[in-house]
Amino acid sequence: MKLSTRFFLRQDTLLIARSLLGKLLVVPDGEGNRVSGMIVETEAYLGPNDRAAHSFGGRRTTRNEVMYGIGGRAYVFFVYGMYYQFNVVTGPVDRPHAVLIRAIEPVENLELMTARRGGLKQQALTSGPGKLCIALGIDRSMNGEDLRGERVWLEQYKTFRESHVSTGKRVGIDYAQDYIDKPWRFWVTSNKFVSKSR
DNA sequence: CAAGTGATTAGC
DNA sequence: CTAATCACTTGC
């Protein structure tokens with residue numbers, strides 16, 4: 001069953017980032033087959049007050065516009081000339097927070113994911129934000145997509161106790177000054193699909 | 001470890 | 001208009 005809109009409207013984006021661990025991210029292919037993976041790593045981006053966020057200081061551009069919309073939609077952006085990143089927008093209108101999905105563990109339709117990733121070994125399939133978008137077929141056409149729709153959504157799958165969850169600093173935000181060390185990254189402890197820190 | 005890649009942004 | 005940047009990945 002798809003996650004309710006209420007889930008994405010909780011006040012605390014950090015709590016949402018934490019509770020997304022164990023949820024299933026589902027992106028059907030064009031032919032009615034489910035392709036999915038369990039979320040094992042996330043990062044919270046806390047809007048205007050977070051120097052690492054695209055919406056820092058109230059920055060509002062064509063790219064990050066959906067961050068300013070209602071929670072429960074996809075924020076997909078393109079970076080480094082090659083990769084897409086999939087985020088979930090949280091909170092009410094005009095509170096531009098989002099949670100980046102950094103890694104998933106493949107669950108349904110491994111064959112298709114492997115083919116899309118060029119036949120790499122299993123562990124490399126979805127262990128990073130750009131990799132999982134390739135494996136799931138996520139691109140810019142899903143930016144702004146409602147997560148209650150038919151193109152991409154989240155489902156309850158597993159629950160992890162606090163003792164199985166780790167937190168630490170976010171990856172690839174060296175420009176974020178005093179926000180570099182905020183422990184706003186969450187992952188399933190010792191899960192082998194969690195991305196490598198750089 | 002460094003190149004690759006091009007959309008996006010800020011600054012003029 | 002132009003130049004710099006970038007919430008990354010891969011292959012050397």
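All values below were derived from every heavy atom in this structure, side-chain atoms included, with hydrogens, water molecules and symmetry-related copies excluded. Labels below follow one simple rule: chain letters A, B, ... track the order of the sequence lines, proteins then strands, and each chain is numbered from 1.
In this entry B:dT5 has no Watson-Crick or G-U wobble partner, no candidate having both defining distances under 3.5 Å. The base-pairing partner of C:dA7, taking Watson-Crick or G-U wobble contacts with both distances under 3.5 Å, does not exist among the strands shown.
Ring-centre distance between A:Tyr75 and A:Phe77: below the 6.0 Å cut-off.
Across all strands shown, A:Glu43 has no heavy atoms under 4.0 Å from either base or sugar-phosphate atoms. As judged by a 4.0 angstrom heavy-atom cut-off over every strand, A:Arg170 is placed among residues making no nucleic acid contact. Residue contacts shown for A:Phe78 are limited to sugar-phosphate atoms, with no base heavy atom under 4.0 Å away.
Taking atom CD of A:Gln177 as the reference point, atom P of C:dA7 lies 14 Å away to the nearest angstrom. Rounding to whole angstrom units, OH of residue A:Tyr80 and P of B:dA2 are separated by 16 Å. The distance between atom CZ of A:Arg116 and atom P of C:dT9, rounded to the nearest whole Å, is 17 Å. Rounded to whole Å, atom C1' of C:dA7 lies 16 Å from atom CH2 of A:Trp187. The nearest whole Å value for the distance from the CZ atom in A:Arg117 to the P atom in C:dG11 is 9 Å. C:dC6 atom P lies 9 Å from atom CG of A:Asp174, rounded to whole Å. Atoms CG (A:Leu125) and P (C:dT10) sit 10 Å apart, rounded to a whole Å. Nucleotide B:dG11 holds its P atom 10 Å from the CZ atom of A:Arg59, rounded to whole Å.
Side-chain proximity of A:Thr62 to the nucleotides C:dT9, C:dA7, B:dT9 is greatest for B:dT9. You'll find that the side chain of A:Met82 is closest to B:dT5, out of C:dT9, B:dT5, C:dC8. Taking every side-chain heavy atom of A:Lys131 into account, C:dT10 is the closest of C:dT10, B:dG6, C:dA7. Checked against B:dT9, B:dG6, C:dC6, the side chain of A:Arg63 finds its nearest nucleotide in B:dT9. Side-chain proximity of A:Thr61 to the nucleotides C:dC6, B:dT9, C:dT9 is greatest for B:dT9. Checking C:dT9, B:dA7, C:dA7 against the side-chain heavy atoms of A:Arg140 singles out B:dA7 as nearest.
Listed pair A:Arg102 / C:dC8 meets the phosphate criterion, a side-chain N or O lying under 4.0 Å from OP1 or OP2. Distances shown here put every side-chain N or O of A:Tyr84 at or beyond 4.0 Å from the OP1 or OP2 atom of C:dA7.
Of the possible donor and acceptor atoms, none in the side chain of A:Thr42 sits under 3.5 Å from a partner among the backbone N and O of A:Ile101.
To the nearest 0.5 angstrom, A:Leu20 atom CG is 5.0 Å from A:Ile39 atom CD1.
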query: Going through the distances and angles, do A:Arg18 and A:Glu162 end up as a salt bridge (charged side-chain N to carboxylate O under 4.0 Å, His left out)?
result: CA-CA 9 Å; A:Arg18 156 69 181 87; A:Glu162 288 306 320; 2.9 Å; yes

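Under the 6.0 Å distance and 45° angle rule, A:Arg170 does not count as a cation-pi partner of A:Tyr179.
With hydrogens and angles left out, the side-chain atoms of A:Ser141 and A:Arg151 include a donor and acceptor closer than 3.5 Å.
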